[in-house]
K.L.:
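The structure follows.
In this chain, residues are counted from 1 in sequence order. Below, all heavy atoms of this structure are taken into account, side chains as well, without hydrogens, waters or symmetry copies.
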Amino acid sequence: MKLRTIYFGILFIVSLCFIRCTEPFKLVTQSFQDALVVEATITNELKHQEIKLSRTYALESENQDLETNANVRIEDSNNNIYNFHETQSGVYLSNEEFQAVEGVSYQLMISTTDGKQYSSNKEYLPPKVDIEKVYTELVTKDGEEGIQVLVDSKAGSGDANFFRYEYEEAYKIVAPAYSPYDMVFSNVTNDGLSYTIDFVLKPEDVSVCYGINNSTNIILTSSNSSTENKVSSFPLRFIPIDDSRIRERYGILVKQYVQSAEAYNFYKVLRDLGTDASVLVDNQPGFVQGNMFSQQDPNEKVIGFFDVSSVAISKRLYFNYQDFELDPPPYFYDCNYLELNTVEPRSASTLYDQVQYGGLKFYSYSNGIYTIVSRNCGDCTAFASKIRPEFWED
C-alpha cells in the first residue's frame with residue numbers, strides 16, 4: 001500500500017483533461033505542498049519492525065522523494081526505547097526484534113536531517129483475533145464468473161471490531177512451448193541463407209517458474225454488525241476464471257490485522273479516496289489528519305498513521321482450476337508459433353534472424369519444418385522466477 005500515491009488527490013490541485021479530449025494532456029501540479037509521509041505498522045509479531053519514510057512529490061516528477069538519514073525510534077510506557085536504522089533509502093528496521101504487547105502504549109518519534117521533529121499519539125495494541133478459515137467459492141460478481149477467496153475469523157473480544165487484510169499470492173507457471181534444446185548456428189554465410197544447425201541441451205530447465213504478488217489495495221471490514229463479534233464470509237480476493245494465475249496452481253496466504261477505531265477510519269478514508277478518481281477534479285476534501293504531528297509547528301501537515309495492530313496469519317490455501325471443473329485459463333501471453341522450412345531462402349534467413357536477434361526460441365523440428373516461438377512462451381524466466389518458493393506445495 002502506497003500512501004504517497006493516494007495522497008495525490010488530497011494534497012494537490014491538478015489540471016486534468018476530461019475523457020472527451022482528443023489531444024494528449026500532461027498532468028501538471030498547479031499547487032504543491034511538501035510533507036513527510038509515514039508508513040508505520042508494528043505488530044505483536046516478534047521481528048524486526050519496519051517503518052518507511054518519504055516525501056510528497058509533484059505529479060510530473062519521475063522520482064520518488066525518500067526521507068533518508070532520519071533518526072527513528074519507538075518509546076513505550078515501560079521506558080523501553082527501540083531504535084531503528086536505515087537499511088535502504090527511506091526504509092528503517094528496528095535494531096532488535098521486538099513485539100507489541102497488550103496494555104503497553106507505543107509512540108513513534110522521528111527526527112529529520114533538517115532538524116524537524118515529529119511524534120505520534122500513544123497507541124495501544126488491540127486484542128488478537130485468530131483466523132478461523134480461508135476458503136473459496138465459485139461465484140458470479142458483476143456479471144463475471146470467478147473464484148472468490150473468503151475469510152472467517154474467530155470471535156473476538158468487545159474491543160476487537162476493526163480489521164484490515166493483506167495477502168500474498170503465489171502461482172505456478174509452466175511454459176507451453178518449452179524445449180530442452182537450443183539451436184546453435186555455425187558456418188553462417190554473409191547473407192544468412194546458409195548455415196549449419198546443431199541442437200544443444202539448455203544449461204538449465206526453464207519450463208517451470210513461480211510468481212509472487214502482494215496485495216496493494218486497502219482491504220477493510222468491521223464486525224460491528226455481527227451478533228457473534230466475528231468476521232464471516234468476508235470476500236477478500238476475486239479471481240476471474242480466465243486469469244492466467246490459476247492456469248496451473250495457485251496459493252494464497254492471508255494476514256488479518258486488528259486495528260483501533262482511529263486507524264480503521266483513517267484507512268477507510270484513504271480507501272474511499274483512492275477508488276474514486278473524481279476526487280482529483282470535483283471534490284477536493286483537503287488534508288486527512290492521521291496521528292503523526294510536528295513537535296515544532298502544529299500547522300505543519302504530516303501524512304500517515306502510526307498503527308499498532310495485532311496480526312493473525314492463515315495457512316496458505318492452494319487450489320487448481322480443475323477443483324471447480326473449469327476450462328484451463330489462457331497463458332500469460334499469446335503464443336504465435338512460426339513454422340519455417342529452411343529449404344526456402346527467405347524462410348532460412350528468417351529463422352536465423354529471429355533466433356539470433358529476434359528473441360524467438362526453438363520449439364520443435366519435424367519433417368524439415370522448424371517451429372520457433374517467443375521467449376515468453378518457451379522460457380518462463382523471461383518474466384518470472386524459476387526458484388521454487390520454500391513454502392510451495394504441489
Side-chain angles (χ1 to χ4, degrees), residues 1-4 7 34-56 64-129 157 159-160 162 164 166 255-267 270 288-313:
M1 175 172 41
K2 305 297 183 184
L3 295 181
R4 53 191 167 271
Y7 270 101
D34 178 64
L36 178 67
V37 180
V38 180
E39 298 180 67
T41 296
I42 67 168
T43 71
N44 57 328
E45 300 168 281
L46 180 60
K47 65 177 186 179
H48 293 281
Q49 308 289 339
E50 182 182 87
I51 292 170
K52 296 180 181 179
L53 303 179
S54 59
R55 312 292 303 191
T56 55
Q64 178 186 342
D65 192 3
L66 302 172
E67 187 68 35
T68 61
N69 300 316
N71 182 283
V72 179
R73 69 186 188 277
I74 291 176
E75 300 178 0
D76 70 19
S77 54
N78 289 336
N79 298 319
N80 295 310
I81 298 177
Y82 304 99
N83 291 303
F84 287 66
H85 64 281
E86 192 170 13
T87 58
Q88 62 187 75
S89 296
V91 179
Y92 299 80
L93 284 183
S94 59
N95 294 348
E96 59 187 283
E97 294 183 339
F98 73 98
Q99 61 190 137
V101 297
E102 290 189 50
V104 177
S105 68
Y106 297 87
Q107 187 175 27
L108 174 60
M109 316 290 287
I110 299 169
S111 298
T112 55
T113 54
D114 58 2
K116 294 183 178 180
Q117 297 182 352
Y118 305 88
S119 62
S120 72
N121 290 338
K122 294 180 179 180
E123 301 293 336
Y124 290 84
L125 181 73
K128 181 182 177 181
V129 177
S157 67
D159 295 329
F162 303 100
R164 178 167 61 88
E166 295 176 353
K255 286 188 175 183
Q256 174 181 271
Y257 296 87
V258 181
Q259 297 185 295
S260 67
E262 292 78 15
Y264 174 85
N265 288 330
F266 176 82
Y267 281 102
L270 292 188
V288 179
Q289 182 67 63
N291 65 349
M292 296 293 308
F293 305 92
S294 167
Q295 293 184 357
Q296 295 130 317
D297 181 2
N299 295 318
E300 180 181 352
K301 292 178 172 61
V302 185
I303 298 171
F305 200 98
F306 173 52
D307 188 13
V308 182
S309 295
S310 61
V311 63
I313 303 176

K.L.:
Below 4.5 Å, heavy atoms only, C-beta onward: do Ser260 and Glu262 meet side chain to side chain?
P.N.:
yes

K.L.:
Tell me, please, which residues at least two apart from Gln296 pass side-chain contact (heavy atoms from CB on, under 4.5 Å).
P.N.:
Lys116, Gln117, Ser294

K.L.:
Starting from the C-alpha separation in whole Å, work towards a yes-or-no answer on side-chain contact (heavy atoms from CB on, under 4.5 Å) for Ser309 and Val258.
P.N.:
CA-CA 5 Å; Ser309 295; Val258 181; 5.9 Å; no

K.L.:
Are the side chains of Tyr118 and Thr112 in touch, meaning some heavy atoms are under 4.5 Å apart?
P.N.:
yes

K.L.:
Does some side-chain heavy atom of Asn80 sit less than 4.5 Å from a side-chain heavy atom of Glu75?
P.N.:
no

K.L.:
Does His48 use its side chain to pair, donor to acceptor, with the backbone of Ser94 at less than 3.5 Å?
P.N.:
yes

K.L.:
Which side-chain N or O atoms in residues 97-109 pair as donor and acceptor under 3.5 Å with protein atoms at least two apart or in another chain?
P.N.:
{"unit_1": "Gln99", "atom_1": "NE2", "unit_2": "Asn44", "atom_2": "O", "d": "2.8"}
{"unit_1": "Tyr106", "atom_1": "OH", "unit_2": "Val101", "atom_2": "N", "d": "2.9"}
{"unit_1": "Gln107", "atom_1": "NE2", "unit_2": "Ser120", "atom_2": "O", "d": "2.9"}

K.L.:
If the threshold is 4.0 Å, N to carboxylate O, is there a salt bridge linking Asp307 and Arg164?
P.N.:
yes

K.L.:
Apply side-chain contact (heavy atoms from CB on, under 4.5 Å) to residues Ile81 and Ile74 and explain how you reach the verdict.
P.N.:
CA-CA 6 Å; Ile81 298 177; Ile74 291 176; over 6 Å; no

K.L.:
Please tell me if the side chains of Asn121 and Phe293 come closer than 4.5 Å, counting only heavy atoms from C-beta onward.
P.N.:
yes

K.L.:
Taking all non-hydrogen atoms of both residues, which atom of Glu50 and which atom of Phe84 are closest, and how far apart?
P.N.:
N-CE2, 4.4 Å

K.L.:
Do Val38 and Ile110 touch side chain to side chain, with heavy atoms closer than 4.5 Å?
P.N.:
yes

K.L.:
What residues form a side-chain contact (heavy atoms from CB on, under 4.5 Å) with Lys47, not counting sequence neighbours?
P.N.:
Thr43, Glu45, Gln49

K.L.:
At their closest point, which heavy atom of Ser310 faces which heavy atom of Leu125, and how far apart are they?
P.N.:
N-CD1, 3.4 Å

K.L.:
Restricting to non-hydrogen atoms, name the atom on Gly90 and the atom on Thr68 that form the minimum distance, rounded to 0.1 Å.
P.N.:
N-CG2, 4.0 Å

K.L.:
Applying side-chain contact (heavy atoms from CB on, under 4.5 Å) to Phe266 and Asn291, what does each step give before you reach the verdict?
P.N.:
CA-CA 9 Å; Phe266 176 82; Asn291 65 349; over 6 Å; no

K.L.:
Considering all heavy atoms of both residues, which atom of Leu66 and which atom of Ser89 are nearest to each other, and what is their separation?
P.N.:
CD1-O, 3.3 Å

K.L.:
Looking at Tyr264 versus Phe162, is the centre-to-centre ring distance below 6.0 Å?
P.N.:
yes

K.L.:
Mind checking side-chain contact (heavy atoms from CB on, under 4.5 Å) for Asn69 and listing every partner two or more places apart, or none if nothing turns up?
P.N.:
Glu86, Thr113

K.L.:
Quick one, Phe306 and Ile42 - any side-chain contact, counting heavy atoms below 4.5 Å?
P.N.:
yes

K.L.:
For the atom pair OH (Tyr257) and OG1 (Thr41), what is the distance rounded to the nearest 0.5 Å?
P.N.:
6.5 Å

K.L.:
Suppose we screen for salt bridge (charged side-chain N to carboxylate O under 4.0 Å, His left out). Which residues come up paired with Lys128, at least two apart in sequence or across chains?
P.N.:
Asp130

K.L.:
Tell me whether His85 contacts the main-chain N or O of Leu93 through its side chain, where contact means a donor paired with an acceptor under 3.5 Å.
P.N.:
yes

K.L.:
Which residues pass the salt bridge (charged side-chain N to carboxylate O under 4.0 Å, His left out) test with Glu67, not counting sequence neighbours?
P.N.:
Arg55

K.L.:
Are the side chains of Val37 and Leu53 in touch, meaning some heavy atoms are under 4.5 Å apart?
P.N.:
no

K.L.:
Drop me the distance from Ser119's OG to Arg73's CZ, to the nearest 0.5 angstrom.
P.N.:
9.5 Å

K.L.:
Identify the heavy atoms of Pro127 and Ala160 that sit nearest to each other, and give their distance.
P.N.:
O-CB, 4.1 Å

